[in-house]
*Asks:* 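Submitted below is the structure of interest, expressed as structure tokens.
Chain letters run A, B, ... following the sequence lines, proteins first, then strands; residues in each count from 1.
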Amino acid sequence: MDKGRVILHLDLDYFFAQAEEREHPEYAARPVIVCVYTDIERGRGVVSTANYKARAFGVHSGMPIFQAKKLAHGKGAIFLPGNYGLYERLSLGIAEIVMKHGAAFEQSSIDEFFLDISPECNGDYEKAKGIAEKVKKGIIAKYGLTCSIGIGPNKLVAKIASDFKKPGGLTIVLPEKVQKFLDILPVDRIPGIGRKTKEYFDAKGIETVGDLRKTDPTILAEEFGKLMGGWLHNAARGIDESPVGVFEEQKQFSRIKTLREPSRELALIAEEMRVLVKDVVAELENSEVV
DNA sequence: CATCGTCATCGAG
DNA sequence: TTACGCTCGATGACGATG
Ligand SMILES: Nc1ccn([C@H]2C[C@H](O)[C@@H](COP(=O)(O)OP(=O)(O)OP(=O)(O)O)O2)c(=O)n1
């Protein structure tokens, strides 16, 4: 005991696109671009994710489909609508494999998992590496999917580590290496720092986590609020005590839809709204929360 | 003052 | 020529309420 925790974070590689490659092995040699269509005939919408063959041309999540088409033109790219039932089933099956390998388990998104393997490792990161390799093999064996894993002394470091080398990565950050590892990373590798916060830090000349670490916590609290400020101060030091496996009941159930084109036709809008409301109600009823 | 509901903003995946 | 999704969580400001 008293060796500190060992936390593992697993992120499935280019998940939706990899799932499609598994369903359609003949696609795997080509750029695969999974899309959310608002109008499939006209090819309108955005990219949900893309495999690495497509990413090589600059295609990425959130990009408008027309831009992806330009980038991938003449490259034999395959554009597909999402098959969410498939992704849900794979996610569920993979969760079962992952959770077998550690005491505390948590699924943080459709393709991300945390595992607290402290009891199994007792501070030994070689054991942690062995567990990571076993998990990877288990997922490959049953589902043929690859993932990237990060291991560190807490969720923050494990999460950043899993993103450090991908696809197919395994990054282990020993407790005594955490600060060196973090210091040279750009600030927006810290979860919670997105576009706006990065813009703020850019303007202040704060580029790396090392720069952030030198920033006065009082300033951070004033600028981003007490909670976020405190989080940033700690995160820059690799400090994160949050436990793995705390269940949170879902609080929001929502549906939203972009119309094929802007409209003020009440009849059309009302009909769309009926569908959305019905869908929310149905999910609510299936979900134990009333 | 404390708490509540609502709205806006930011972020993740 | 133009075209840019959807779902969910967290937080803070603000006015109403008591
Ligand atoms: N803006 C986004 C980001 C992600 N996703 C979906 C598609 C992804 O496959 C899945 C997981 O998101 P990740 O951020 O983990 O991205 P990927 O797994 O696609 O890629 P990577 O290998 O870089 O993790 O969530 C989405 O619909 N829209």
*Asks:* Using a cut-off of less than 4.0 Å, is there contact between a side-chain N or O of A:Thr38 and OP1 or OP2 of C:dG5?
*Replies:*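 Answer is no, no contact under 4.0 Å.
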*Asks:* I'd like to know whether NZ of A:Lys278 has more than 12 heavy-atom contacts from other residues, nucleotides or ligands below 6.0 angstrom.
*Replies:*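 Open.
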*Asks:* Pairs under 3.5 angstrom, nitrogen or oxygen only, protein versus nucleotides 13-15 of chain C, please.
*Replies:*
none

*Asks:* Figure out the CG/P separation between A:Asp11 and B:dA12, and round it to whole Å.
*Replies:*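 Taking CG of A:Asp11 and P of B:dA12, I get 13 Å after rounding.
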*Asks:* Are A:Tyr87 and A:Glu20 close enough, and set up right, to give a side-chain hydrogen bond (donor to acceptor under 3.5 Å, both in side chains), and what steps lead you there?
*Replies:* CA-CA 9 Å; A:Tyr87 315 144; A:Glu20 296 297 340; 2.5 Å; yes
*Asks:* Tell me which of A:Thr258 and A:Leu227 sits closer to the 5' end of DNA chain C, going by the nucleotide each one is nearest to.
*Replies:* A:Thr258
*Asks:* Are A:Arg255 and C:dT7 close enough that a side-chain N or O sits under 4.0 Å from OP1 or OP2?
*Replies:*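 Checking C:dT7 against A:Arg255, a side-chain N or O does come within under 4.0 Å of OP1 or OP2.
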*Asks:* Measure across A:Ile139 and A:Leu145 and return the closest heavy-atom pair with its distance rounded to 0.1 Å.
*Replies:* CG2-O, 3.4 Å
*Asks:* Among the nucleotides C:dA3, C:dT7, B:dG11, which one has an atom lying closest to any side-chain atom of A:Lys196?
*Replies:*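 Shortest atom-to-atom distance from the side chain points to B:dG11.
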*Asks:* Evaluate the ring planes of A:Phe224 and A:Tyr200, with Trp represented by its six-membered ring, and classify them as parallel (under 30°), tilted (30 to 60°) or perpendicular (over 60°).
*Replies:*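 If you compare the ring of A:Phe224 with that of A:Tyr200, the planes turn out perpendicular.
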*Asks:* Which one, C:dC6, C:dC8, C:dC4, comes nearest to the side chain of A:Val46?
*Replies:* C:dC4
*Asks:* Rounded to whole angstroms, how far apart are CG on A:Leu259 and P on C:dC4?
*Replies:* 12 Å
*Asks:* I want to verify a distance call: between C:dC4, B:dG11, C:dG9, whose nearest atom is closest to the A:Arg44 side chain?
*Replies:* C:dC4
*Asks:* Report the distance from atom NE2 of A:His60 to atom P of C:dC4, rounded to the nearest whole Å.
*Replies:* 16 Å
*Asks:* Base, sugar-phosphate, or nothing for A:Ile193, non-hydrogen atoms under 4.0 angstrom?
*Replies:*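 Sugar-phosphate, no base atom in range.
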*Asks:* Does A:Lys69 reach the side chain of A:Phe79, with side-chain heavy atoms less than 4.5 Å apart?
*Replies:* yes
*Asks:* Do any side-chain nitrogens or oxygens of A:Thr197 fall under 4.0 Å of OP1 or OP2 in B:dG11?
*Replies:* yes
*Asks:* Within the 4.5 Å heavy-atom criterion, are A:Thr146 and A:Ile140 side-chain neighbours or not?
*Replies:*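 In short, these two side chains touch, coming nearer than 4.5 Å.
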*Asks:* Pair A:Asp13, A:Ser148 - check side-chain hydrogen bond (donor to acceptor under 3.5 Å, both in side chains), show working.
*Replies:* CA-CA 6 Å; A:Asp13 295 325; A:Ser148 297; 2.8 Å; yes
*Asks:* Tell me: CD of A:Glu199 to C1' of B:dC10, nearest whole Å?
*Replies:*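 A:Glu199 atom CD is separated from B:dC10 atom C1' by 12 Å.
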*Asks:* Would you indicate whether A:Glu176, at its atom CD, is surrounded by more than 12 heavy atoms from other residues, nucleotides or ligands within a distance under 6.0 Å?
*Replies:* yes
*Asks:* Heavy atoms under 4.0 Å, any strand shown: does A:Lys198 hit a base, just sugar-phosphate, or nothing?
*Replies:*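 Nothing, no nucleic acid heavy atom in range.
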*Asks:* Taking only the side-chain nitrogens and oxygens of A:Gln250, find out if one of them lies under 4.0 Å from OP1 or OP2 of C:dC8.
*Replies:* yes
*Asks:* Can you measure A:Met63 atom CE to C:dC4 atom C1' for me and round it to whole angstrom units?
*Replies:* 11 Å
*Asks:* A:Glu248 near the nucleic acid: base, sugar-phosphate alone, or nothing, with a heavy-atom cut-off under 4.0 Å?
*Replies:*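 A:Glu248: no heavy atom of the nucleic acid under 4.0 Å.
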*Asks:* Nearest to the side chain of A:Lys257 - B:dG11, C:dC6, B:dG13?
*Replies:* C:dC6
*Asks:* For A:Lys159, answer base if it contacts any base atom (sugar-phosphate contacts may also be present), sugar-phosphate if it contacts only those atoms, and nothing otherwise; contact means non-hydrogen atoms under 4.0 Å.
*Replies:* sugar-phosphate
*Asks:* Rounded to the nearest Å, what distance is computed from the CG atom of residue A:Asp111 to the C1' atom of nucleotide C:dT7?
*Replies:* 14 Å
*Asks:* Tell me the interatomic distance from A:Glu112, atom CD, to B:dA12, atom P, rounded to whole angstroms.
*Replies:*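 In whole Å, B:dA12 P and A:Glu112 CD are 11 Å from each other.
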*Asks:* Mind calculating the distance between CG (A:Asp39) and P (C:dC6) to the nearest angstrom?
*Replies:*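 To the nearest whole Å, that distance equals 12 Å.
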*Asks:* Which nucleotide in the list C:dC8, C:dA3, C:dG5 gets nearest to the side chain of A:Lys70?
*Replies:* C:dA3
